[in-house]
Amino acid sequence: MDPGMSITLHHHPFSRAAGTLFMLEEVGQAYELQFVDMKAGEQKQEPLKKLNAMGKLPTLVDDGVVVTESAAIGIYLADRYAAGRLAPALDAPERATYLRWSFYAPSVIEPGCMAHAAKWEYRAGSAGWGTYEEMLDTISGAIGDGPWLLGEQFTMADIIFGGTVRFMTQFDMLEKRPEYMAYVERLNARPASQKADAINRRIMEERGITMG
């Protein structure tokens, strides 16, 4: 590892770590990728299991500090390396909205989509994600007039929340409302997003990785 790079991302292009590249590229801090051969089950073996007991990606190590869970990694990176640019100040009123939508993605959108796709039977009042229809309208309200969740300011919340919307619509797990798709197009147009996608494609090609 390059001594000048304190950040290492344990990565595979078919994992959530693929989206973490977008975060890192927006932050602009030097980083190194550590490929994890998921087909061989390396994510469930040492040394990754020692870093992340779940044996999952993304797992990020920054100067010895371990951070897991996509939303937590995004918040951490923005606060440490892009405060005021990708993360509102701690005492800024916008911080509340920023945190709200950052955690809405893994807490509501992901399980809500899974429940809907798998036709789970559950009581909406007992589940943290509520009903699918309410979730759809809430996503629409969050996007609003845009272009970003905080209006004109692009933040890490857009990568976390928007990345989830992008993934779920791509795999037909989320209704493709016009406002969702316009938001996804704006995300896709960002240079950091395009660079991250190019890196993921390059790794797939170099290692002969396919969806099958």
Side-chain angles (χ1 to χ4, degrees), residues 1-2 4-62 66-78 81-82 86 102 105-106 109-110 113-114 117-118 154 156-174 176 180-212:
M1 176 175 164
D2 186 332
M5 296 183 186
S6 66
I7 299 175
T8 299
L9 174 65
H10 295 264
H11 171 271
H12 188 286
F14 288 167
S15 73
R16 284 178 172 82
T20 308
L21 281 181
F22 184 4
M23 298 175 179
L24 287 165
E25 289 297 331
E26 284 284 358
V27 166
Q29 192 76 6
Y31 64 90
E32 179 181 66
L33 294 181
Q34 178 65 53
F35 180 76
V36 177
D37 189 344
M38 293 176 64
K39 187 174 182 180
E42 286 184 357
Q43 73 277 20
K44 299 297 183 182
Q45 303 169 10
E46 301 293 350
L48 188 68
K49 280 281 283 185
K50 188 174 182 180
L51 298 173
N52 184 351
M54 291 293 291
K56 296 179 67 176
L57 304 176
T59 296
L60 182 139
V61 182
D62 182 11
V66 179
V67 192
T68 68
E69 312 311 316
S70 295
I73 289 172
I75 297 296
Y76 170 84
L77 289 171
Y81 295 111
L86 293 177
S102 292
I109 301 177
E110 286 195 29
C113 287
M114 288 293 294
F154 177 85
M156 187 62 75
D158 289 295
I159 305 180
I160 300 168
F161 179 99
T164 302
V165 171
R166 177 168 60 177
F167 180 87
M168 293 300 179
T169 52
Q170 180 181 354
F171 290 96
D172 297 319
M173 297 182 69
L174 187 64
K176 295 181 179 179
Y180 298 0
M181 303 318 295
Y183 180 47
V184 168
E185 286 180 9
R186 293 192 292 272
L187 287 165
N188 290 342
R190 293 190 68 84
S193 175
Q194 294 175 1
K195 185 173 180 182
D197 288 345
I199 294 170
N200 282 314
R201 286 194 301 269
R202 173 177 57 77
I203 293 171
M204 283 184 251
E205 292 170 2
E206 289 176 351
R207 294 186 176 269
I209 303 170
T210 61
M211 286 295 290

Greater than 12 external heavy atoms within 6.0 Å of E69's CD:
no

Minimum heavy-atom separation for M156 to A78, with atom names?
CB-CB, 3.8 Å

Taking all non-hydrogen atoms of both residues, which atom of A17 and which atom of H11 are closest, and how far apart?
O-CD2, 3.6 Å

Answer yes or no: is there a side-chain heavy-atom contact under 4.5 Å between S70 and P106?
no

Atom of S102, atom of I75 and distance for their closest heavy-atom approach:
OG-CD1, 3.7 Å

Could you check, using the six-membered ring where one of them is a Trp, whether F35 and H12 have ring centers closer than 6.0 angstrom?
yes

Walk me through whether V61 and L9 qualify under side-chain contact (heavy atoms from CB on, under 4.5 Å).
CA-CA 6 Å; V61 182; L9 174 65; over 6 Å; no

Any heavy-atom pair between the side chains of Q29 and L77 that's under 4.5 Å?
no

For R190, does the CZ atom sit with more than 12 other heavy atoms under 6.0 Å from it, leaving out its own atoms?
yes

Around atom NZ of K49, are there more than 12 heavy atoms from other residues, nucleotides or ligands closer than 6.0 Å?
yes

Chi angles and distances behind the salt bridge (Lys or Arg N to Asp or Glu O under 4.0 Å) call for R201, E205
CA-CA 6 Å; R201 286 194 301 269; E205 292 170 2; 5.7 Å; no

4.5 Å side-chain heavy-atom contact, L57 and T20
no

If you take all heavy atoms of T164 and I109, which pair is closest and at what distance?
CG2-CG2, 3.6 Å

Heavy atoms only: give me the nearest L187-S193 pair and the separation to one decimal.
O-CB, 3.2 Å

